[in-house]
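Side chains included, hydrogens not; waters and symmetry mates left out as well; all remaining heavy atoms used.
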Amino acid sequence: SLVSTSNGEVASSIASTSFLFSPELSSVTFAGADLSDSSPDVDLPSVAGASADLVLDFAEDVTLADSTKTVSVHEVGGTEVFSTPISSASLSNDKATISIEKSNFIEGESYYVLVEDGGLKKSSSELTGVTNDLAFPGISDTGAFTFTVPDVTPPVVTSIGQGAASSTGTDGASRNGDTIDFDVLF
């Protein structure tokens with residue numbers, strides 16, 4: 001800051017200043033698909049195993065700040081399909097990985113990711129005078145990280161039943177050119 005002296009000269013006064021930085025989110029991926037793209041398809045049936053990983057990738061190392069904060073996934077329209085405390089995330093340097101059961105998701109539906117403010121913070125600083133107490137501000141925009149689980153499973157026939165029949169035979173038997181309707185349920 002600048003201060004004026006008694007003789008009108010301007011002098012500089014530098015006080016001890018600390019800067020606050022929150023961790024910067026680089027990308028969000030789910031089952032290997034980058035959710036930073038415009039609502040990508042996430043082909044969950046092709047992901048091996050019963051669960052898929054949601055990965056928050058930061059520009060710097062992060063650590064737990066508040067274990068009560070949550071990560072959640074919602075169906076577009078608002079229904080929450082998954083929620084877990086951020087403390088259940090596997091933290092490894094600059095990544096927070098959350099394993100989510102694939103059974104939470106329905107093919108053909110779209111989803112978005114939310115992260116509560118304050119769950120993570122920078123784990124260390126490389127700059128002198130930088131305080132790491134400022135937590136990650138979270139993800140609160142429902143349009144920021146969205147994805148769709150495409151409908152890739154072929155339908156399965158559950159039953160076939162004879163519907164209306166129109167036979168031309170005098171004995172009730174169908175003949176060439178007759179129409180037989182079948183009811184097929186999936």
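A96 and L120 get closest at one heavy-atom pair: CB-CD1, 4.1 Å. The heavy-atom pair separating N104 from Y111 by the smallest distance is O-OH, 4.3 Å.
Residues I139 and Y112 have side chains not in contact (no heavy-atom distance under 4.5 Å, counting atoms from C-beta outward).
A side-chain contact (heavy atoms from CB on, under 4.5 Å) with V28 is found for exactly one of V55, L54, D57, namely L54.
Here the straight-line distance linking atom OG of S51 with atom CD1 of I98 works out to 12.0 Å at 0.5 Å rounding. Here the OG1 atom belonging to T70 is positioned 8.5 Å from the CG atom belonging to L114, to the nearest 0.5 angstrom. Here S99 contributes atom OG and F82 contributes atom CZ; the two are 8.0 Å apart, rounded to the nearest 0.5 Å. K121 contributes atom NZ, which lies 13.5 Å from atom CG of D61 (distance to the nearest 0.5 angstrom). For the atom pair CG (L91) and CG (L64), the distance works out to 6.5 Å, reported to the nearest 0.5 Å. Taken from CG in L56 to NZ in K95, the straight-line distance is 10.5 Å, to the nearest 0.5 Å.
A distance below 6.0 Å separates the ring centres of F136 and F58.
F145 and V149 fall within the same hydrophobic cluster, where Ile, Leu, Val, Met, Phe, Trp and Tyr residues are linked whenever their side-chain heavy atoms come under 4.5 Å apart, directly or through other members. Both I106 and F147 are part of a single hydrophobic cluster, where members link through side-chain heavy atoms under 4.5 Å apart.
With sequence neighbours excluded, no residue satisfies side-chain hydrogen bond (donor to acceptor under 3.5 Å, both in side chains) with T97. Take S83 and apply the side-chain hydrogen bond (donor to acceptor under 3.5 Å, both in side chains) test, not counting sequence neighbours, and it matches no residue. The side-chain hydrogen bond (donor to acceptor under 3.5 Å, both in side chains) check on T68 picks up D66, with sequence neighbours excluded. For D94, there are no salt bridge (charged side-chain N to carboxylate O under 4.0 Å, His left out) partners, not counting sequence neighbours. By the side chain to side chain contact (heavy atoms under 4.5 Å, CB included) test, D141 is found to be paired with A144, residues two or more places apart in sequence or in another chain being considered. Under the side-chain hydrogen bond (donor to acceptor under 3.5 Å, both in side chains) criterion, T142 pairs with no residue at all, not counting sequence neighbours. Taking K69 as the reference, nothing meets the salt bridge (charged side-chain N to carboxylate O under 4.0 Å, His left out) condition, with sequence neighbours excluded.
Remark: the backbone N or O of G143 is not paired with any side-chain donor or acceptor of T146 at under 3.5 angstrom.
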Using a 3.5 Å cut-off and no angle test, enumerate the donor-acceptor pairs between side-chain atoms of residues 72-79 and protein atoms at least two apart in sequence or in another chain.
residue: S72; atom: OG; partner: H74; partner atom: NE2; Å: 2.9

